[in-house]
Amino acid sequence: MRGLAAFAVIAGAAHAHAPQFEDVSHLIPEHHYAGGWEHFVGGGVAALDCSGNGLPDLVLAGGEGEALLLHNRGGMAFVPEHLPITDMTGAYTLDIDGDGVLDLFVLRVGPNMVLRGLGDCRFEDVTEAFGIDPGEGWSTAFTAWWEVGSPRPTLFVGNYVDRANPEGPFFACDDNQLLRPVAGGWQSERFGPGFCPLSALAARDARGRMTLRLSNDRHYYVRGGFEQMWDIADQRYLGREDGWPDLMLWGMGIASRDITGNGLADVYLTSMADQMLQLAQEDGTYTVAAFEMGHTAHRPFAGDDGRPSTGWHAQWGDVNNNGRADLFVAKGNVDQMPDLAMADPNNLLMQGPDGRFSEAALEAGIADPARSRGAALVDLDGDGRLDLVVVNRRAPARIYRNVTKGAVNWLAVDLRGAGGNTQAVGARVTVTTDQGSQWQEVSIGGGHAGGQAGALHFGLGTAEAAEVAVIWPDGQEMRIRLENVNQTARLIQQD
């Protein structure tokens, strides 16, 4: 693990291969995430190749308005299509029926929806046909995982405030929902206690075990609630006896990735005021990262609004391909909360060689002060550089093309799993070059109200060859060497 006591990089210093983005939002129709207090939260982006051309298409939540589907035709050309779905807070993409075509789980204020992909970005509502209880809640979080041997996923839906509670909204968090695959559909179970989750992620924790992590909003649970970790195999919440303390946040989003090089995933949690980075320790616990790491993004870095920030979507991604994961954080006031910053530009935190982060959003050209919500770092044009999509509340959505000069080598790893888990959710991919190793886990969930399916992106620096090792969800291993990088490598699990 990199030492945290010997930081020498000055926050805000110039970056080698400084990131540069071009605002190409004029290429899409104006689209807002709008509505009343039930759409203060949400506003997610789903990224998936639903057209089959190898490029990610986009679904943008619209709140009270219709959702927007952007067909990606390449070269930053998008064909827009309005989806007749209102009260949508967000969407996550997965192959729920194992047919190899990606589907959407749509979160809504009211009954949720499962949209089965039919190819060519056509979808059909199969919620009832698949035996899925759509619920009636205010759904704001989602994740999914495959139990060992199951051909279909277990689904988790996080619900926010119980709108039917006459004593609400404070102390009125709704129960969540667990959907387990059974013959003929999915069995719905109430999953509590609910503390108003705004993000959920099923992935390996610091112990290396599959765990359901819930990041909850204390604005409505107020007291008596906390962040939650549920061991999937043991089917129990972790507590202090497991080294999991009671932690209270205004939880908004989750981003998970190993940034210290110890083989364990570290976790970034967005909130009001300080964002929190939890560093995974080899004893199975987490340590809160020191403020000096430069990750807290606790106040606007530009402008004269010195009030605390509000963080939403967070995502790791190597935007300049130097082999170190950087971090995007979407920012924005809930609406008109007077104690928090109104002009709150999004953050792009670049990771230096010593593990410290410095702000680059202004020089990168993405420091939009609008009320941002969901986002996606994703390669939209297939050039190996991660582009950026941001959904804003009561302001136009933005698309930024990554035009970073000197962004060096990269590799995208696209997995195809055996059986019903066609996305190989739960697989771990390690890429090793002469400059070191880095790994990522395939997962569904996290972020804020939206996620993406597709190849895992690795920046490689100046390395020109790479060894790729995959541990598939069932424990099978695959190892290949690629003498040519700057490509998407599709790896298929053998039955």
Side-chain angles (χ1 to χ4, degrees), residues 9 11-25 45 47 55-56 58 76 253 255-259 266 268 270 275 277 293-295 297 301 311-331 345-368 372 374-390 398-413 431 433 435-436 438 440 446-447 451-452 454-463 485-486 488:
V9 175
H15 304 275
H17 305 314
Q20 295 291 321
F21 287 81
E22 175 189 3
D23 189 343
V24 295
S25 306
V45 181
L55 297 172
L58 302 169
M76 288 294 175
S256 177
R257 186 155 173 171
D258 177 16
I259 64 165
D266 309 295
Y268 191 84
T270 58
Q275 324 306 314
L277 175 58
M293 281 190 71
H295 64 282
F301 62 85
W312 296 92
H313 182 88
Q315 187 175 340
W316 299 103
D318 188 350
V319 299
N320 59 359
N321 289 337
N322 65 358
R324 294 186 294 273
D326 310 303
L327 181 65
F328 173 80
V329 184
K331 293 285 197 63
N346 299 326
N347 295 95
L348 182 61
L349 301 172
M350 305 297 293
Q351 186 182 178
D354 59 0
R356 186 175 179 177
F357 294 90
S358 54
E359 183 60 62
L362 195 61
E363 62 181 316
I366 62 170
D368 186 359
S372 296
L377 274 174
V378 61
D379 185 0
L380 292 171
D381 54 4
D383 68 353
R385 292 175 290 192
L386 292 175
D387 308 298
L388 176 63
V389 186
V390 183
R398 316 301 297 179
I399 293 185
Y400 302 93
R401 185 176 196 170
N402 189 335
V403 293
T404 303
K405 296 179 180 179
V408 276
N409 295 330
W410 57 277
L411 180 67
V413 181
V431 172
T433 69
Q435 298 180 34
Q438 50 185 313
Q440 297 183 55
Q452 54 195 268
L456 300 176
H457 174 271
F458 295 85
L460 301 182
T462 58
V485 293
N486 299 325
T488 297

inquiry  = Under 3.5 Å, is there a donor on one side chain and an acceptor on the other for Asp368 and Asn346?
reply    = no
query = Is Phe458 close to Asp318 at the side-chain level, that is, under 4.5 Å between some pair of heavy atoms?
reply = no
request  = Go through Ile399 and Leu58 one step at a time and tell me if the side chain to side chain contact (heavy atoms under 4.5 Å, CB included) criterion holds.
outcome  = CA-CA 11 Å; Ile399 293 185; Leu58 302 169; 4.2 Å; yes
ask   = Considering all heavy atoms of both residues, which atom of Met76 and which atom of Val24 are nearest to each other, and what is their separation?
value = SD-CG2, 4.3 Å
ask   = Is the closest side-chain donor-acceptor distance between Gln438 and Asp258 under 3.5 Å?
value = no
request  = Classify the angle between the aromatic ring planes of His457 and Trp410 as parallel (below 30°), tilted (30 to 60°) or perpendicular (above 60°).
outcome  = parallel
ask   = With distance as the sole test, does Arg324 use its side chain to make a donor-acceptor pair with the main-chain N or O of Gln351 at under 3.5 Å?
value = yes
inquiry  = Please check: side-chain N/O of Asp326 versus main-chain N/O of Trp316, any donor-acceptor pairing under 3.5 Å?
reply    = no
key: Worked verdict on Val319 versus Phe328 for side chain to side chain contact (heavy atoms under 4.5 Å, CB included)   = CA-CA 9 Å; Val319 299; Phe328 173 80; over 6 Å; no
Whether Thr270 side chain and Gly253 backbone form a donor-acceptor pair below 3.5 Å = yes
ask   = Are Tyr268 and His295 close enough that some pair of their side-chain heavy atoms sits under 4.5 Å apart?
value = yes
inquiry  = Using modelled atom types and a 3.5 Å cut-off, is there a donor and acceptor pairing between side-chain atoms of Lys405 and backbone atoms of Ala18?
reply    = no
query = Does any non-hydrogen side-chain atom of Val378 lie less than 4.5 Å from one of Asp387?
reply = no
Any side-chain heavy-atom pair of Pro345 and Lys331 under 4.5 Å = no
task = Could you tell me whether the side chain of Thr404 and the main chain of Gln20 form a donor-acceptor pair under 3.5 Å?
result = yes
message = Is it the case that the side chain of Asn347 and the backbone of Leu349 share a donor-acceptor pair, with hydrogens and angles ignored and the cut-off at 3.5 Å?
response = no
request  = Given side chain to side chain contact (heavy atoms under 4.5 Å, CB included), test Arg401 with Leu380 step by step and report yes or no.
outcome  = CA-CA 8 Å; Arg401 185 176 196 170; Leu380 292 171; over 6 Å; no
inquiry  = Please give me the minimum heavy-atom distance between Val329 and Gly311, naming the atom from each residue.
reply    = CG1-CA, 4.4 Å
inquiry  = Could you tell me if the side chain of Leu277 sits less than 4.5 Å from the side chain of Ile259, heavy atoms only?
reply    = yes
ask   = Would you call Asp23 and Arg398 a salt bridge, taking side-chain N to carboxylate O under 4.0 Å as the test?
value = yes
task = Give the minimum heavy-atom separation between Leu327 and Ala314, together with the two atoms involved.
result = CD1-CB, 4.4 Å
task = Mind checking the CD-OG spacing from Gln315 to Ser256? Nearest 0.5 Å is all I need.
result = 12.0 Å
query = Should Asp379 and Arg385 count as an ion pair when the cut-off is N to O under 4.0 Å?
reply = no
message = If I compare all heavy atoms of Val485 with all of Asn409, which pair ends up nearest, and what's the gap?
response = CG2-CB, 4.0 Å
task = Can you see which heavy atom on Asn402 is nearest to which on Leu386, and at what distance?
result = ND2-O, 2.9 Å
task = List the steps and the verdict of side chain to side chain contact (heavy atoms under 4.5 Å, CB included) for Phe21 and Val403.
result = CA-CA 5 Å; Phe21 287 81; Val403 293; 5.8 Å; no
key: Heavy-atom side-chain contact between Ser372 and Trp312 under 4.5 Å   = no
key: Tyr400 OH to Glu22 CD distance, which is reported to the nearest 0.5 Å   = 12.0 Å
task = Measure from the side-chain N and O atoms of His313 to the backbone N and O of Gly447, and report whether any donor-acceptor pair falls under 3.5 Å.
result = no
task = Over all heavy atoms of both residues, which pair between Gln452 and Ala376 is shortest? Give the atoms and the distance, please.
result = NE2-CB, 3.8 Å
